[in-house]
Amino acid sequence: MTQTQALQEYLLRLADSDMILGQRLCELCGKAPALEEEMALMNTALDLIGQARNWYEYAAELIDDGRDPDKLVFRRDAHDYRNLLLTEQPNEDFAVTMGRQFFFDVWHYFTLNSLTRSSDERIAGIASKALKEATYHLRRSSEWIKRLGDGTEESHRRMQDAVDILWRFTGELITPDDTDHAMAEAGISPDPEPLAQDWRGMVNEVLTQATLAPGAEDAWMYMGGKHGEHTEHLGFILAEMQFLQRAYPDATTW
Amino acid sequence: MYAQLVETGAKHVQSKDEMSPEEREFQEKIDAETKIEPKNWMPEGYRKTLIRQISQHAHSEVVGMLPEGNWLTRAPTLKRKLQLAAKIQDEAGHGLYLYSAMETLGADRDEEIEKLHQGKAKYSSIFNYPTLNWADMGAVGWLVDGAAIINQVVLQRTSYGPYSRAMVRICKEESFHQRQGYQILLDMMREGTDEQKAMVQDAINRLWWPTLMMFGPTDDESPNSQQSMAWKIKRKSNDELRQMFIDQTVPQLELLGCTAPDPELKWNEETGHYDFGEIDWQEFYEVLKGNGPCNRERIKTRKDAIDGGAWVREAAAAYAQKQRAQAA
Ligand SMILES: [Fe+2]
Ligand SMILES: [Fe+2]
């Protein structure tokens with residue numbers, strides 16, 4: 001794999017993870033537990049899809065085969081998607097939605113934080129704008145984890161269940177592969193080891209405050225997302241998201 | 001229009017002689033175009049009418065998110081998805097803002113929402129129609145937000161201060177929604193395939209009459225309309241507003257190269273307005289009664305969201321209480 005190929009892969013991971021999580025949040029439109037949350041969820045979706053667009057634009061320039069960001073989003077099949085498995089997990093209930101958001105936000109925050117110092121200026125620029133949004137997302141989801149974990153008996157049970165359901169997808173966030181190593185060595189992306197430590201540190205801290213137990217550190221982890229091997233959910237997400245572009249392939253304007 | 005039929009409790013509009021001194025003073029303020037503020041004395045009927053009208057308006061903003069949410073996950077491009085999400089977020093904001101205006105009258109948001117879920121409160125009939133193809137996202141913005149603006153521009157001068165100020169803020173965003181919706185249709189008509197053009201015409205065919213119904217029934221003789229007008233909660237009749245909307249919209253329809261599903265729609269040189277056909281009022285009243293295509297689904301979705309989210313709100317309240325206890 002050349003350096004450029006690794007960079008394309010890396011950008012698609014950032015873009016696809018934002019995009020798929022944003023899409024999951026769009027599914028909740030009109031279904032939030034309060035009107036204020038309705039606005040907050042939609043706001044997070046807007047931020048994430050907006051960030052995805054920035055990453056796709058850069059990726060499309062590097063890939064340079066005539067595909068624009070829309071083609072990348074609406075015309076690739078699941079095996080070409082590079083999002084983290086965590087982001088494609090279904091909403092289930094508000095605890096799972098917030099748990100998924102929190103695990104992602106911690107990873108996102110530390111990743112973007114170090115990407116602001118990337119040797120690639122374009123990446124550093126996109127990351128510094130995104131970091132402001134991600135900082136806010138993290139503050140909000142951490143608060144919800146504490147409220148739900150340390151709220152009522154029911155919310156505690158639901159929140160602990162959510163942690164248990166999602167835990168097996170968290171390893172992928174902090175386990176580097178060849179692409180991650182190559183990007184880190186080039187000074188483009190964060191050093192994998194401190195990122196993993198930061199993620200574990202903050203997750204443990206918030207879960208403890210929320211009276212919740214993290215999963216086992218040696219738990220078996222599912223990690224195919226970054227290579228295009230997904231859970232069954234992604235196919236359905238794409239079937240819905242890509243419907244119009246697939247049904248009307250001749251349409252060039254929408 | 002987002003409030004189509006608002007009960008005022010009036011059997012007839014009182015003359016000045018029939019009024020108590022307080023009522024007379026109040027009516028004189030209204031007549032002098034002085035805004036009524038939350039702390040001012042107001043007749044019970046005025047307060048209740050406003051609560052009904054503002055809550056109907058707020059419910060409409062919130063239920064109105066659903067037909068658009070129906071296409072949010074299927075929006076065809078990144079740009080359109082972002083636009084639609086931002087619009088829906090605006091509508092949620094309008095709902096919040098209006099509920100706050102309503103609460104200045106002593107009403108409780110949760111109680112009013114509960115009435116909606118029990119089928120006791122109304123919201124605009126338009127949101128009980130389904131959105132069946134992507135062009136509906138353009139047509140809703142253009143026609144539905146367009147109709148809302150006609151009414152709300154007038155409501156900027158409504159007599160109750162907080163409602164009037166809410167309208168000023170909301171109108172700006174609604175105009176943006178309308179232009180954006182129209183642009184979706186224009187792009188599809190100008191650069192789209194035949195299939196896309198057919199989507200646009202289909203959306204207009206389905207939404208045209210329900211949009212005209214948004215202005216409510218002819219309010220010629222009804223004591224409710226007359227009382228609302230006397231209190232300057234309402235400032236123009238339903239028919240006047242509907243005519244304004246049609247006169248403004250038909251040229252835009254022609255620019256699209258589309259038609260309305262109304263053979264009687266034509267320019268009248270003498271009146272300087274468009275003539276149009278008879279609205280199916282039976283359909284209107286059936287939809288208002290709960291028998292529209294999506295009434296059940298809309299209410300069920302909202303009820304499930306709020307009832308199903310009770311444990312979340314309880315948790316937040318319990319947590320806040322623990323935090324306060326710890327701080328004390
Ligand atoms: Fe609105
Ligand atoms: Fe609007």
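As a basis for the values below, the full set of heavy atoms in this structure was taken, side chains included, without hydrogen atoms, waters or symmetry mates. Throughout, a chain's letter reflects where its sequence line sits, starting with A, and its residues are numbered from 1.
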Chemist: Under a 3.5 Å cutoff, is there a donor and acceptor pairing between the side chains of A:Thr152 and B:Glu314?
Modeler: no

Chemist: Could you look at A:Ala52 and say if it's the side chain, the backbone, both or neither that has a heavy atom under 4.5 Å from chain B?
Modeler: neither

Chemist: Can you tell me how far apart CD (A:Glu36) and CZ (B:Arg313) are? Round to the nearest 0.5 Å.
Modeler: 10.0 Å

Chemist: By a 4.5 Å heavy-atom criterion (distance strictly below it), what part of B:Met137 contacts chain A: side chain, backbone, both, or neither?
Modeler: neither

Chemist: Identify which part of A:Arg24 has an atom lying under 4.5 Å from any heavy atom of chain B, answering side chain, backbone, both or neither.
Modeler: neither

Chemist: With a 4.5 angstrom heavy-atom cut-off, could you sort out which part of B:Gln196 is near chain A: side chain, backbone, both or neither?
Modeler: side chain

Chemist: With heavy-atom distances below 4.5 Å as the criterion, would you say the side chains of A:Met19 and B:Lys81 are in contact?
Modeler: yes

Chemist: What part of A:Glu240 lies closer than 4.5 angstrom to a heavy atom of chain B: side chain, backbone, both or neither?
Modeler: both

Chemist: Of the listed residues (A:Ala34, A:Gly22, A:Ala32), which shares the most heavy-atom pairs with chain B below a 4.5 Å separation?
Modeler: A:Ala32

Chemist: Measure the spacing between CD1 of B:Ile88 and CE of A:Met39 and express it to the nearest 0.5 Å.
Modeler: 12.0 Å

Chemist: Flag the one option from A:Glu37, A:Met159, A:Met42, A:Gln245 with the top tally of heavy-atom pairs under 4.5 Å to chain B.
Modeler: A:Met42

Chemist: Give, as side chain, backbone, both or neither, the part of B:Arg190 having an atom under 4.5 angstrom from any heavy atom of chain A.
Modeler: neither

Chemist: Between A:Arg53 and B:Leu78, is there a donor-acceptor pair closer than 3.5 Å when you use the side chain of the first and the backbone of the second?
Modeler: no

Chemist: Closest approach of B:Tyr319 and A:Asp150, non-hydrogen atoms and distance?
Modeler: CD1-O, 3.7 Å

Chemist: Rounded to the nearest 0.5 Å, what separation is found between the OG1 atom of A:Thr253 and the CG atom of B:Asp187?
Modeler: 7.0 Å

Chemist: Give the member of A:Asp70, A:Thr252, A:Val73, A:Asp250 that has the highest number of heavy-atom pairs under 4.5 Å with chain B.
Modeler: A:Asp70

Chemist: Treating B:Arg74 as the side-chain partner and A:Leu244 as the backbone partner, does any N or O pair qualify as donor plus acceptor under 3.5 Å?
Modeler: no

Chemist: Report which part of B:Ala135 has an atom under 4.5 Å of a heavy atom belonging to chain A: side chain, backbone, both, or neither.
Modeler: neither

Chemist: Are any side-chain N or O atoms of A:Lys31 and backbone N or O atoms of B:Thr301, one a donor and one an acceptor, separated by less than 3.5 Å?
Modeler: no

Chemist: Taking the side chain as every heavy atom from C-beta outward, state whether A:Arg147 and B:Val312 have any pair of such atoms under 4.5 Å apart.
Modeler: no

Chemist: Can you check side chain to side chain contact (heavy atoms under 4.5 Å, CB included) on B:Val62 and A:Glu38, steps first, answer last?
Modeler: CA-CA 10 Å; B:Val62 174; A:Glu38 198 73 59; over 6 Å; no

Chemist: Which region of B:Thr193, side chain (C-beta onward) or backbone (N, CA, C, O), has a non-hydrogen atom less than 4.5 Å from a non-hydrogen atom of chain A, or is it both or neither?
Modeler: side chain

Chemist: Hey, which of A:His156, A:Glu154, A:Gln242 has the most heavy atom pairs under 4.5 Å with chain B?
Modeler: A:Glu154

Chemist: Minimum heavy-atom separation for B:Ala75 to A:Phe74, with atom names?
Modeler: O-CE2, 3.4 Å

Chemist: Students often mix this up, so state it plainly: with edges at 30° and 60°, are the rings of B:Trp71 and A:Phe243 parallel, tilted or perpendicular?
Modeler: tilted

Chemist: Quick one: CD on B:Glu195 to OH on A:Tyr248, what's the gap to the nearest 0.5 Å?
Modeler: 5.5 Å

Chemist: Quick check: closest heavy atoms across A:Gly30 and B:Met65, and the distance to 0.1 Å?
Modeler: CA-CE, 3.9 Å

Chemist: What distance do A:Leu35 atom CG and B:Leu96 atom CG have between them, rounded to the nearest 0.5 Å?
Modeler: 4.0 Å

